[in-house]
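Below is one structure, written out as structure tokens; comments come after it.
Computed over heavy atoms, backbone and side chain alike; hydrogens, waters and symmetry mates excluded. Order of listing sets the numbers, starting from 1, for every ligand and every atom in it. Throughout, residue positions are numbered sequentially from 1 according to the sequence presented.
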Amino acid sequence: MNAQVELGPKGLTLPLSAGPVYFNYYWLRDNCATSTDPQTRERIFDISELPGEPVAEKAAMQNGELVIDWRGEDHRTRYSLAWLDEFARLGHIADPADLPRRLWRSNQYPSFVRLDQAQVDNDPAARALFARAIIEDGVALITCMENSDGSLTRLAQTLGEVIPTTDGFYFDVQLEIAPTNLAFTARALEMHTDLPSETLAPGVQFLHCRANTVEGGNSLFLDGAAVAEDFRNSNPADFELLATHDIPFFRRHERWDARAHQRVIELDRHGAVSGLTISQHLADVFDLPQPLLDDYYPAFCRFVHALKKPEYMNRFRLNAGECIVFDNHRVVHGREAFSAETGQRHLRGCYVDMGALRSTYRVLAREGHLGLMPEAAE
Ligand SMILES: [Fe+2]
């Protein structure tokens with residue numbers, strides 16, 4: 001037996017690269033390689049069915065492995081020490097899709113990752129670049145799209161499946177005689193994230209420009225995570241309020257009455273800002289306790305002011321044949337007014353789950369397609 005493994009009553013301690021690391025016996029028994037079916041890759045071991053608490057009878061480090069024999073069981077568990085070391089360092093299993101966000105401010109539009117649809121269709125490396133851009137930057141621009149419904153479906157399916165909302169699977173942003181949404185008018189559209197009235201506001205949004213010959217109607221895009229991170233520094237107490245309390249959003253019309261509570265500033269499990277939910281035209285009657293509103297409302301107003309600062313704004317024209325794809329929980333978007341008599345403007349849109357995009361990226365990364373920009377690649 002190797003003296004370096006220290007057995008305790010509920011777990012053991014290993015000398016790993018960062019020093020001694022403690023592992024719980026339940027965890028070590030549960031994550032044994034034999035717990036997973038090699039074919040389905042799903043867990044087939046039920047830790048709750050063990051007759052008693054798992055305790056190591058013997059444990060040793062040998063040939064790059066930790067080998068454990070369990071008390072009262074004819075069972076041996078093996079772990080790669082490198083895997084345990086990585087887990088101890090990260091605190092979770094390695095995730096290639098857990099990439100830090102690259103925050104951006106104004107004048108970013110020329111630097112958006114741009115790919116032709118044919119590249120994304122045919123080249124897994126381009127697909128990885130596309131998926132990675134959405135994870136890191138929250139935005140990418142796909143060019144040379146066909147003027148067809150199928151073109152958008154094909155693009156969305158390179159990242160995941162199209163998910164439905166209260167409205168169905170697709171939406172068309174164009175003038176309507178009896179509009180149910182400000183988007184379907186020629187008016188300016190204030191900065192917002194889409195559909196906060198859905199229980200799970202959509203993750204990835206696609207807007208395929210099919211026609212744009214009108215005067216005006218420029219697209220407005222900003223990185224809400226950048227605004228919120230700056231706001232955390234300038235207004236920490238306000239930030240805390242917006243990142244802690246949920247407010248209601250709605251979308252009511254003849255055929256629907258969608259409602260959900262959302263947090264204006266959303267944090268990921270590392271504590272970084274992952275995104276926002278903001279839409280003043282779909283904000284419902286705030287139902288936080290009235291005394292809390294004494295602080296919440298001014299904080300909310302100061303944050304909305306921050307979102308309006310020119311230092312964050314990108315203003316550009318979306319052209320026919322382009323599809324802008326973005327993280328709907330991070331990229332706050334809007335539109336300038338246009339004059340309807342001057343031409344035609346038609347955007348067709350849909351959504352894909354961000355989890356599906358991350359899954360797509362992980363599979364591509366496993367195949368060696370990391371989606372690095374050509375100049376950054378080895
Ligand atoms: Fe929108």
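Between Tyr296 and Phe300, the angle of the ring planes stays under 30°, which puts this pair in the parallel group of the 30/60° scheme.
Here Asn314 pairs with nothing under the side-chain hydrogen bond (donor to acceptor under 3.5 Å, both in side chains) rule; sequence neighbours left out. With sequence neighbours excluded, the residues that form a side-chain hydrogen bond (donor to acceptor under 3.5 Å, both in side chains) with Asp257 are Arg259.
For the Fe ion (ligand 1), the tally of protein N/O/S atoms lying closer than 2.8 Å stands at 3.
Between Tyr79 and Phe23, the distance separating the two ring centers is not shorter than 6.0 angstrom.
Considering only heavy atoms from C-beta on, Val304 stays 4.5 Å or farther from Glu190 through its side chain.
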Please tabulate, one pair per line, all N/O donor-acceptor pairs under 3.5 Å involving side-chain atoms of residues 204-219, not counting sequence neighbours.
| unit_1 | atom_1 | unit_2 | atom_2 | d |
| --- | --- | --- | --- | --- |
| Gln205 | NE2 | Asp194 | OD2 | 3.2 |
| Gln205 | NE2 | Asn328 | OD1 | 3.3 |
| His208 | NE2 | Glu146 | O | 3.4 |
| Arg210 | NE | Asn147 | OD1 | 2.5 |
| Arg210 | NH1 | Asp149 | OD1 | 2.8 |
| Arg210 | NH2 | Asp149 | OD1 | 3.4 |
| Asn212 | OD1 | Arg317 | NH2 | 3.3 |
| Asn212 | ND2 | Leu318 | O | 2.8 |
| Thr213 | OG1 | Gln344 | N | 2.8 |
| Thr213 | OG1 | Gln344 | O | 3.3 |
| Asn218 | ND2 | Glu336 | OE1 | 3.4 |

